[in-house]
Amino acid sequence: MNHEEIIARIAEIEREIAVLPAGGVSKKNVHGKVYYYHRTTQNGKRMEKYVKAEDVDELKSNIEKRKKLEKELKKLKQCMPKEKNLDFKTKVIIGDRLKSLVSITRNYKKRECIQMLRDYIFKDIDDKVFILYGLRRTGKTTLIRQIILELPESDFNKAAFIQVTSRDSLSDIDEDLRLLEKNGYKYVFLDEVTLMEDFIEGAALFSDIYASSGMKIVLSGTDSLGFAFSKEEQLYDRCIMLHTTFIPYREFENVLGIYGIDEYIRYGGTMSLGGINYNASTPFSNIKDTEEYINTSIAKNIQHSLKMYQYGGHFRQLLDLYEKGELTNVINRVVEDMNHSFTKSVVERITANNLLGDRVDPINIRKHMELDKVTSGIQEMLDILNKEEQSVDISDAHMTQIKEYLSILDLIKEIDLEYLPKVNQKRKIVVVTQPGLRYAQAEAIVENLLLDEKFQELDVQKRTRILERLLSEIRGRMMEDIILLETKLAKKDKHVFKLQFPIGEFDMVVQDPKTLSCEIYEIKYSNQRVRKQYRHINDEEKCAMTTHRYGNITGRYVIYRGENAEMDNIQYLNVEDYLKSL
């Protein structure tokens with residue numbers, strides 16, 4: 001093989017290795033029965049996961065394939081020419097090793113936000129560093145690799161990638177940057193820079209010394225709070241910030257190659273779901289992986305940033321929880337509690353809708369009465385379950401501060417809920433920007449409830465019907481939240497909110513404060529068109545109150561899962577088409 005073929009083969013092997021399992025298979029004999037486990041090591045900790053007997057052969061085969069590829073990769077790397085011998089303190093990757101590292105993303109589609117990074121790298125922007133931050137698995141490192149691939153050959157040889165670890169110090173990085181600058185390197189990308197203990201306090205080094213001398217510095221990391229603190233203090237007005245946490249439906253489909261609102265509800269929020277472009281695993285495929293993601297990507301993210309900032313001086317109300325070793329548990333609890341409240345509100349809405357007199361087929365009235373009795377029971381059980389799980393008391397001050405940090409992490413956003421005719425009454429709807437996280441927890445809560453002995457007394461058809469109804473309602477409510485969130489983020493010059501009346505509601509109102517006009521929407525988790533779906537947005541009294549308060553109504557729409565159509569002058573919009581149009 002020539003030099004270019006070796007680099008291409010290395011990139012190909014690394015792509016294959018990325019989706020193959022590591023570790024090994026162990027087995028245990030328990031009371032004469034053999035159980036198999038997939039054993040791996042993560043962050044120095046041994047992990048074991050149960051494997052079904054019928055899946056063992058395939059798992060072993062894939063592990064063996066990975067080991068063979070790793071041996072081939074090692075030999076190929078030994079054939080690579082030696083890089084210029086620079087004595088770096090940290091893990092600095094340059095030249096052919098860098099080319100091999102970034103080639104793995106050559107065929108990946110690109111997130112739209114890469115344009116901000118392009119502008120920084122290729123345009124005349126001086127004295128600033130570029131900060132690329134967000135929760136784990138939202139594409140930060142991939143964006144860096146993709147932009148390095150876009151460098152022309154002459155500039156590629158002036159690029160360096162530094163993989164920062166918790167063992168590195170700012171003085172080590174400073175030495176390496178000076179060495180790179182001395183040798184003519186112009187583009188430096190530092191991944192996971194917030195792992196350094198002294199990063200927040202000394203972050204001004206990157207802008208004041210290196211960016212000001214013409215070097216392009218891109219900093220990446222998962223500790224979003226750490227970057228937020230640095231922006232307010234050390235990097236004030238000397239940085240450009242790009243947050244990767246929120247992944248809209250449009251990118252979920254275009255970049256990952258995965259289609260449908262249901263798939264987005266189940267797995268949306270990371271760039272990890274396979275499709276045709278990215279890795280084949282997702283942190284939201286089951287409740288165990290979801291809770292691990294919340295723990296490592298959110299709770300420990302917050303705690304790490306607070307610990308590193310001003311010697312812990314930013315803990316404020318949370319210091320007592322940190323000193324007791326309870327902070328990560330409480331942050332996990334707050335996230336879970338928000339999703340618990342969301343699930344309860346869905347159950348309450350099912351009961352309320354029936355009590356408000358939605359027309360029921362007389363033949364099925366007994367079925368509906370049974371389901372109403374069950375949903376009322378579920379509401380009571382949710383309250384009991386919520387109290388049982390509260391091992392630590394969470395004060396309002398704790399809750400407020402943690403939600404403030406979750407907002408900085410871009411994990412939660414608030415949508416206005418307004419009322420007519422009570423114009424002074426207002427509330428906020430809390431939307432989780434990673435729908436897969438919320439759905440996984442809501443689904444686990446519902447399934448856990450239905451394991452209760454009261455529900456086990458019901459026959460299998462009734463249990464299945466109840467489960468399907470609850471999960472369908474959860475998906476419907478989540479579809480509403482997704483549409484409200486994405487519309488609000490896309491139409492920053494508009495007032496986007498939900499409007500509640502004494503009876504009934506407009507699922508979304510988009511008001512233009514300049515023209516004093518508005519559009520009103522119903523959002524239905526259905527693929528059928530039925531007249532009663534738009535009865536509220538056709539209600540003369542509701543529309544008159546809305547016009548008086550917000551301006552002329554210029555459009556009435558139903559967003560649903562069916563085809564684009566028109567019915568009685570009401571525009572029906574397909575949900576996927578609508579989200580992609582934003």
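None of these values were measured; they are calculated from a predicted model. Heads up: numbering here begins at 1 and tracks the sequence.
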In short, Arg111 meets Thr244 closest at the heavy-atom pair NH1-O, 2.9 Å
Looking at Ser213 and Tyr210, would you say the former's side chain and the latter's main chain have a donor-acceptor pair under 3.5 Å?
yes
Discussion item. Quick check: do Val575 and Ile523 have side-chain heavy atoms less than 4.5 Å from each other?
Written reply: no
- Just wondering, are more than 12 heavy atoms of other shown residues or ligands nearer than 6.0 Å to CZ in Arg118? yes
Does the side chain of Thr142 reach to within under 4.5 Å of the side chain of Met271, using non-hydrogen atoms? no
Shortest non-hydrogen pair, Lys128 vs Ile240, comes out as CD-CG1, 3.9 Å
- Could you tell me whether Asp416 and Lys498 make a salt bridge, using a distance below 4.0 angstrom between a side-chain N and a carboxylate O? no
* Asked: Is the shortest distance from a Lys or Arg side-chain nitrogen in Arg333 or Glu336 to a carboxylate oxygen in the other one below 4.0 Å?
  -> yes
| message | Are Phe189 and Ile147 packed together at the side-chain level, in the sense that at least one heavy-atom pair is separated by less than 4.5 angstrom? | response | yes
Lys492 side-chain N/O to Leu489 backbone N/O, donor-acceptor pair under 3.5 Å
yes
What one should report as the nearest heavy-atom pair of Thr245 and Leu135 is OG1-N, 2.9 Å
* Might you work through the side chain to side chain contact (heavy atoms under 4.5 Å, CB included) test for Tyr264 and Glu253, ending with a clear yes or no? => CA-CA 9 Å; Tyr264 184 64; Glu253 182 176 306; over 6 Å; no
I'd like to know if the side chain of Glu263 and the backbone of Gly268 have a donor-acceptor N/O pair within less than 3.5 Å. no
Given the options Thr343, Asn339, Thr433, Arg438 meets side chain to side chain donor-acceptor pair (under 3.5 Å) only with Asn339
query = Short question: side chain of Ser207, backbone of Ala204 - any donor-acceptor pair under 3.5 Å?
reply = yes
Margin query: Is it the case that the side chain of Asn183 and the backbone of Leu179 share a donor-acceptor pair, with hydrogens and angles ignored and the cut-off at 3.5 Å?
Written below: yes
Using a 3.5 Å distance criterion without hydrogens, assess whether the side chain of Thr487 forms a donor-acceptor pair with backbone atoms of Leu484.
no
- Would you please test Ile298 and Leu437 for side chain to side chain contact (heavy atoms under 4.5 Å, CB included) and show each step? CA-CA 11 Å; Ile298 300 167; Leu437 186 155; 3.9 Å; yes
Between Tyr405 and Leu318, is any pair of side-chain heavy atoms under 4.5 Å apart? yes
*Can you establish whether the number of heavy atoms outside Asp396 located under 6.0 Å from its atom CG is more than 12?*
no
*SB check Arg477 Asp481 (cutoff 4.0 Å)*: yes
- request: Any chance you could lay out the side chain to side chain contact (heavy atoms under 4.5 Å, CB included) test for Tyr133 and Val193, step after step, and finish with the verdict?
  value: CA-CA 10 Å; Tyr133 69 114; Val193 69; over 6 Å; no
dist Gln434:CD -> Phe284:CZ (nearest 0.5 Å) comes out at 4.5 Å
For Met399 and Val334, the nearest pair of non-hydrogen atoms, with its separation, is SD-CG1, 3.6 Å
- Message: Keeping Ser100 on the side-chain end and Arg97 on the backbone end, is there a donor-acceptor pair under 3.5 Å?
- Response: no
Is the shortest heavy-atom distance from the side chain of Leu149 to the side chain of Arg106 under 4.5 Å?
yes
Check: With side chains defined as the heavy atoms from C-beta onward, is the minimum distance between Met338 and Lys403 less than 4.5 Å?
Finding: yes
Correct closest heavy-atom pair for Gly269 and Thr138 would be O-CG2, 3.8 Å
Rounded to the nearest 0.5 Å, the CG atom of Leu327 sits from the CD1 atom of Ile302 at a distance of 7.5 Å
message: Set out, in order, the CA-CA distance, both residues' side-chain angles and the distance that settles side chain to side chain donor-acceptor pair (under 3.5 Å) for Ser169 and Asp172, then state yes or no.
response: CA-CA 5 Å; Ser169 67; Asp172 292 333; 3.2 Å; yes
inquiry  = Please check: side-chain N/O of Arg250 versus main-chain N/O of Leu582, any donor-acceptor pairing under 3.5 Å?
reply    = yes
Do Tyr439 and Asp262 pair up side chain to side chain, a donor and an acceptor below 3.5 Å, judged on atom types alone? no
Q. Hey, does Glu576 have a side-chain heavy atom less than 4.5 Å from the side chain of Tyr249?
A. yes
(request) State whether the side chain of Lys491 and the backbone N or O of Asp512 hold a donor-acceptor pair below 3.5 Å, judged by distance alone. (result) no
*asked:* Using side chain to side chain donor-acceptor pair (under 3.5 Å), reason through Thr296 and Arg136 one step at a time and then give a plain yes or no.
replied: CA-CA 9 Å; Thr296 57; Arg136 282 175 54 226; 2.7 Å; yes
Distance col, row Lys65:NZ vs Ile63:CD1, nearest 0.5 angstrom, shows 13.5 Å
Report task. Apply the test side chain to side chain contact (heavy atoms under 4.5 Å, CB included) to residues Ile121 and Leu151: give CA-CA distance (whole Å), side-chain angles for both, the deciding distance (0.1 Å), then the verdict. Result -> CA-CA 9 Å; Ile121 292 294; Leu151 291 171; 4.0 Å; yes
| query | For Leu170, does its backbone N or O pair with a side-chain atom of Asp174 as donor and acceptor, under 3.5 Å? | reply | no
d(Glu404 CD, Leu409 CG) to nearest 0.5 Å is 11.0 Å
Do we get Arg137 above Tyr293's six-membered ring, with its NZ or CZ under 6.0 Å from the centre and within 45° of the axis?
-> no
For Pro21 and His38, the nearest pair of non-hydrogen atoms, with its separation, is CB-CE1, 3.8 Å
Interatomic distance, CD1@Ile162 vs CG@Leu180, rounded to 0.5 Å, equals 5.5 Å
When rounded to the nearest 0.5 Å, the distance separating CZ of Phe130 from CD1 of Ile217 is 13.5 Å
Q | Lys99 to Phe156 six-membered ring, cation-pi geometry met (6.0 Å, 45°) | A | yes
### Query
Heavy atoms, side chains only, cut-off 4.5 Å: are Tyr108 and Arg145 in contact?
no
Under the side chain to side chain donor-acceptor pair (under 3.5 Å) criterion, do Asn295 and Glu291 qualify, and how do the steps go?
CA-CA 6 Å; Asn295 189 51; Glu291 289 174 349; over 6 Å; no
Under the side chain to side chain donor-acceptor pair (under 3.5 Å) rule, what do Thr90 and Asp168 come out as? Steps first, then yes or no, please. CA-CA 7 Å; Thr90 62; Asp168 298 325; 5.2 Å; no
| Below 4.0 angstrom, N of the basic side chain to O of the carboxylate: do Arg66 and Glu70 qualify? | yes
Query raised in the report: Are Asp208 and Arg238 ion-paired here, with the side-chain N under 4.0 Å from a carboxylate O?
Result: yes
| query | Are Lys216 and Tyr120 in a cation-pi contact, defined as NZ or CZ under 6.0 Å from the six-membered ring centre and within 45° of the axis? | reply | yes
